[in-house]
Amino acid sequence: MSPPNRRHIAPWLGVLALVVLVAVAWKPLAGWFFGSTSHTGTAPATHEAHSGAGTPLPGAALEYTRAAFESYEAARALLAQDAMEGLEARAGALKAALQQAAEATQGDGTPLQAWLQQGADGASQLASAKDAEAARQHFARVSEALIALASADPRLQEGWHIFECPMVEGVNQWLQREPKLENPYMGRRMLACGTTSEWRSAAPAGAHGEGEIAHYTCPMHPSVKQHGPGACPICGMDLTPVSRAELESGIIRVDDLRRQRIGVKTAKVEQASMDLSLRALGRVTFDEKSLVDVTLKLDGYIHELRVNATGEPVKKGDVLFTLYSPELYAAQQEYLLARQSQSAANASLVGAARKRLELWGLSAAQIERVAQRGQPVENMPFLAPASGYVLEKNVVEGAAVKAGERLFRIAPLAKVWVEADVYEQDLARVKPGHPVEVTLPYLPGKKYAGSVGYVYPSLQGATRTGRIRIELPNPELELKPDMYADVRFILQGGAPRLQIPDSAVIYTGPRRLVFVDLGEGRLRPQEVKLGIKGNGTYEVLEGLSPGDVVVTSGNFLIAAESRIRSATDDFGGSHAAH
């Protein structure tokens with residue numbers, strides 16, 4: 001090649017060499033000029049990832065935070081071995097480093113200062129924890145803050161691995177240096193429980209809104225939880241988001257299909273007059289005030305027994321039996337002899353003889369009949385003193401009877417009593433005069449209206465119940481003694497009361513809970529304070545408002561599946577509970 005040609009080609013070769021040099025040395029030069037962006041953790045090792053991750057920490061705050069991560073790792077290693085010795089010192093160093101980092105960010109306007117403060121607060125509580133269970137709860141709060149800081153500033157991710165444990169409720173992630181998994185939440189029980197997790201951006205502490213997503217879950221399988229959207233590994237359904245507000249309040253989601261399967265029913269909370277009626281079991285009995293006994297006041301012999309069976313109806317004045325009595329026969333003769341003389345002295349004898357016959361049970365008509373006949377009646381008939389039914393018969397024809405013996409007991413049934421057994425705690429609510437409704441099992445649809453006649457002053461010791469007497473007319477004799485009856489005491493509820501069905505209430509020791517239907521498949525547990533109990537309802541004093549919708553059926557299955565934490569500690573637990 002001629003020298004002139006070389007002179008023309010040489011500049012182009014120089015330009016080409018410069019382009020090759022820039023292409024080869026660009027990445028090292030950019031790293032020297034902008035700062036190294038290499039990573040040994042699981043975060044993306046690109047400048048774009050760094051710049052899009054959020055607001056980075058200032059230089060001094062970054063170094064203090066890195067020191068805090070080292071103290072955090074020492075505390076994590078202790079909890080992984082269920083050790084508490086030395087934890088207070090590690091947590092104290094962690095708190096100091098995070099506080100210094102927070103002070104270094106003042107005036108810079110960084111939104112990460114809130115996470116630094118949360119981490120410092122959690123470390124302070126971690127230092128004062130008395131047992132491993134409490135320590136793990138505070139450690140989870142520190143983990144949440146440090147993971148959020150590392151997600152916002154990827155420089156903190158260098159050399160760190162992030163894991164999560166599906167067995168832990170709430171914050172279930174943690175950081176550690178070594179890739180070999182050591183679970184600080186489960187300790188030696190399940191040291192290797194967990195999986196590799198992902199770095200994700202997080203909102204600053206204290207900025208949790210109702211729409212911030214805590215995790216995703218399956219409506220059909222609440223145990224499935226993951227940090228991002230996707231499909232349920234069990235049934236393939238799309239996962240639905242659960243916000244932090246819902247998580248903290250214990251809200252769960254139950255779709256329509258699952259509601260139908262477990263039989264969920266709801267009812268509105270209403271403010272209305274409350275039915276305070278009491279129901280009790282009663283028994284029909286005789287009106288004790290109307291019972292009549294037939295007894296003799298002299299000795300004799302039953303000649304003819306006209307009423308000879310228990311249960312027979314009798315009317316007042318019917319002949320029950322005829323009696324032969326020597327004493328009665330002699331008294332009749334004395335009466336007749338006294339009547340034959342009309343002297344003044346005999347007049348007093350006639351009165352005395354007549355009075356004796358009256359005292360022995362003869363009626364005025366019977367004595368007049370003896371006087372008209374002029375001779376004694378040998379077999380004197382004795383009459384029924386009242387109308388009713390023969391309850392007892394203690395005599396047979398031809399029997400010898402003595403004065404004072406009870407031969408018959410007659411029970412009128414035109415009016416009967418119903419004696420109801422009311423529990424001890426309800427007795428104070430029943431007063432004489434309260435209206436009562438009585439029904440009989442063998443006469444469905446028919447009701448008998450009455451009122452409380454008497455409240456007995458004593459209890460029956462075996463059943464701890466008190467007896468209440470109700471008086472009822474019985475013109476058609478449908479109410480028969482010893483029948484069972486359903487008794488309803490109609491009590492006034494007074495002013496309108498806020499009330500719910502009693503089936504909506506779940507008993508958890510001293511607390512009373514209901515599930516409030518918020519719509520869109522969301523159910524929230526709510527503690528309530530109950531008042532008096534009505535007929536199938538409870539008065540609500542605190543916890544609900546008119547118009548709220550509560551679950552009345554299937555709520556025990558919902559409670560069993562929900563594993564509620566913050567709102568109902570009885571159905572859930574913290575990290576240490578798992």
Side-chain angles (χ1 to χ4, degrees), residues 273-294 307 309-316 318 384-394 406 408-494 502 532-539:
S273 297
M274 196 168 188
D275 185 1
L276 301 179
S277 301
L278 295 176
R279 292 188 179 273
L281 178 64
R283 185 176 64 88
V284 180
T285 185
F286 299 99
D287 181 358
E288 294 179 2
K289 297 179 181 180
S290 301
L291 294 177
V292 178
D293 285 345
V294 178
V307 178
T310 303
E312 286 191 21
V314 295
K315 293 183 179 179
K316 185 177 182 179
D318 288 352
S387 299
Y389 291 82
V390 176
L391 183 60
E392 294 181 16
K393 184 186 75 72
N394 301 318
R406 185 172 71 193
F408 294 91
R409 171 165 284 185
I410 299 173
L413 293 179
K415 184 174 67 174
V416 295
W417 289 355
V418 175
E419 293 183 341
D421 295 327
V422 176
Y423 288 110
E424 183 178 0
Q425 63 267 25
D426 296 326
L427 278 175
R429 298 166 57 186
V430 180
K431 305 293 182 183
H434 279 168
V436 176
E437 189 178 84
V438 178
T439 57
L440 300 177
Y442 86 104
L443 286 176
K446 189 164 186 179
K447 300 177 180 179
Y448 300 86
S451 61
V452 175
Y454 186 69
V455 179
Y456 287 84
S458 60
L459 293 180
Q460 301 182 65
T463 59
R464 304 305 300 169
T465 57
R467 280 193 304 163
I468 309 295
R469 180 203 302 162
I470 301 105
E471 300 178 0
L472 293 178
N474 189 29
E476 299 180 7
L477 303 181
E478 293 176 329
L479 299 171
K480 297 176 173 55
D482 287 332
M483 277 184 171
Y484 285 112
D486 295 323
V487 181
R488 177 171 171 259
F489 297 90
I490 303 173
L491 308 179
Q492 300 298 324
D502 54 6
I532 60 176
K533 188 179 188 306
N535 186 22
T537 60
Y538 270 113
E539 178 188 12

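Residue pairs meeting the ring pair (Phe, Tyr, Trp, His ring centres under 6.0 Å) criterion with at least one partner in residues 440-482, sequence neighbours excluded, are Tyr454-Tyr456. Among residues at least two apart or in separate chains, side-chain hydrogen bond (donor to acceptor under 3.5 Å, both in side chains) pairs with a member in residues 278-288 are Arg283-Asp482, Asp287-Ser290, Asp287-Trp417. Contacts classified as salt bridge (Lys or Arg N to Asp or Glu O under 4.0 Å) and involving residues 447-460 (residues at least two apart or in different chains) are given here: Glu437-Lys447.
Note that Lys393 lies outside the cation-pi zone of Phe408, set by a 6.0 Å cut-off to the ring centre and a 45° limit from the axis.
Expressed to the nearest 0.5 Å, how far OG1 of Thr439 lies from NZ of Lys446 amounts to 12.5 Å. In this structure, the separation between CD on Glu539 and CE on Met274 is 6.0 Å, given to the nearest 0.5 Å. The OG1 atom of Thr465 sits 9.5 Å away from atom CD of Glu424, with the distance rounded to the nearest 0.5 Å.
Under the 3.5 Å distance criterion, the side-chain polar atoms of Asp426 are left unmatched by any main-chain donor or acceptor of Val430.
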So Asp318 and Lys315, salt bridge (charged side-chain N to carboxylate O under 4.0 Å, His left out) or not? Walk me through it. CA-CA 6 Å; Asp318 288 352; Lys315 293 183 179 179; over 6 Å; no
With side-chain contact (heavy atoms from CB on, under 4.5 Å) as the test, would you mind laying out the steps for Lys533 and Tyr538 before giving the verdict? CA-CA 5 Å; Lys533 188 179 188 306; Tyr538 270 113; 3.6 Å; yes
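Within a 6.0 Å radius of NZ in Lys480, more than 12 heavy atoms belonging to other residues, nucleotides or ligands are found.
Shown here for Lys431 and Val452, the closest heavy-atom pair between the two residues is O-CB, 3.5 Å.
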